[in-house]
Engineer: 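Have a look at this one before I ask anything.
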Amino acid sequence: NAGVTQTPKFRILKIGQSMTLQCTQDMNHNYMYWYRQDPGMGLKLIYYSVGAGITDKGEVPNGYNVSRSTTEDFPLRLELAAPSQTSVYFCASSSRDRGDGYTFGSGTRLTVV
Amino acid sequence: GESVGLHLPTLSVQEGDNSIINCAYSNSASDYFIWYKQESGKGPQFIIDIRSNMDKRQGQRVTVLLNKTVKHLSLQIAATQPGDSAVYFCAEKLGGGGNKLTFGTGTQLKVEL
């Protein structure tokens with residue numbers, strides 16, 4: 001199993017550009033999450049999904065959108081990128097109502113200039 | 001709890017010594033807690049977890065202690081090794097559905113030879 005795969009690993013965007021961060025998991029997990037991690041800070045939840053067709057906002061959803069058309073994929077869309085969105089983004093998945101089900105991807109480092 | 005700023009708290013220990021990393025959590029209703037390890041350039045990895053009906057749980061070289069009275073969590077690493085050098089995060093499970101976690105700011109552990 002590949003686990004949770006994120007692409008791209010690195011990206012530089014100009015202010016106002018848009019992009020989609022891809023996340024896919026092959027563990028048949030129902031729950032998926034997007035977190036952002038700023039330097040020296042903990043992870044902040046952006047959006048999460050409890051199953052295909054269901055998404056909900058986390059702590060810091062502004063400036064982002066998600067979709068969950070399949071169990072495997074949970075892309076994160078940035079519209080009109082801003083410097084405040086410079087961060088490392090982690091996708092994670094979970095199959096049980098316990099945190100030890102969290103499997104994280106390796107992250108996408110995004111810089112908005 | 002949360003901290004502002006760009007510099008993580010740092011704990012430096014000698015190889016072979018025991019390490020103790022502390023975490024203050026925020027929600028007295030949280031019933032599940034996890035410690036994660038994050039090496040540079042990688043996503044967080046599960047270390048050990050504990051439910052609120054326990055005070056202590058032991059794993060291989062690691063022990064988690066929970067003090068619900070003061071909302072405090074600690075991770076003890078025995079015989080610290082260079083491979084233990086990483087950032088360590090505590091996380092608490094929020095209420096409601098979706099198995100959402102809130103992460104602490106993190107502590108940088110540096111193991112000196």
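Because only heavy atoms are used, hydrogens play no part in the values below, and waters and symmetry mates are left out as well, while side chains stay in. Computed from a predicted structure; not experimentally measured. Below, chain A is the first sequence line, B the second, and so on; all start at residue 1.
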Engineer: Working to the nearest 0.5 angstrom, can you tell me the gap between A:Phe90 CZ and B:Lys42 NZ?
Structural biologist: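 These two atoms lie 11.5 Å from each other.
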Engineer: Select one option (side chain, backbone, both, neither) describing which atoms of A:Gln37 are under 4.5 Å from chain B's heavy atoms.
Structural biologist: side chain
Engineer: Chain B heavy atoms under 4.5 Å from A:Leu43: which part of the residue, side chain, backbone, both or neither?
Structural biologist: both
Engineer: For the hydrophobic clusters of this structure (ILVMFWY residues joined by side-chain heavy atoms under 4.5 Å, transitively), does one cluster hold both A:Leu110 and A:Leu76?
Structural biologist: yes
Engineer: With rounding to the nearest 0.5 angstrom, report the CG to CG distance, B:Leu101 to A:Leu45.
Structural biologist: 9.0 Å
Engineer: If I measure from the heavy atoms of chain A, does B:Gln108 come under 4.5 Å with its side chain, its backbone, both, or neither?
Structural biologist: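 No part of B:Gln108 comes within 4.5 Å of chain A.
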Engineer: Kindly indicate whether the side chain of A:Tyr48, heavy atoms from C-beta on, has any atom under 4.5 Å from the side chain of B:Asn99.
Structural biologist: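 No, every pair of side-chain atoms sits at 4.5 Å or beyond.
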Engineer: Quick check: is A:Tyr33 connected to B:Ile34 through a chain of hydrophobic side chains (ILVMFWY, heavy atoms under 4.5 Å apart)?
Structural biologist: yes
Engineer: Are A:Phe104 and A:Met32 connected in a single hydrophobic cluster, I mean Ile/Leu/Val/Met/Phe/Trp/Tyr linked by side-chain heavy atoms less than 4.5 Å apart?
Structural biologist: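 No, because A:Met32 and A:Phe104 fall into different hydrophobic clusters, even though each may have its own neighbours under 4.5 Å.
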Engineer: Around atom CD1 of A:Ile12, are there more than 12 heavy atoms of other residues, nucleotides or ligands at under 6.0 Å?
Structural biologist: no
Engineer: Could you check whether atom CD of B:Gln60 has more than 12 heavy atoms from other residues, nucleotides or ligands sitting under 6.0 Å from it?
Structural biologist: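 Incorrect, the count does not exceed 12.
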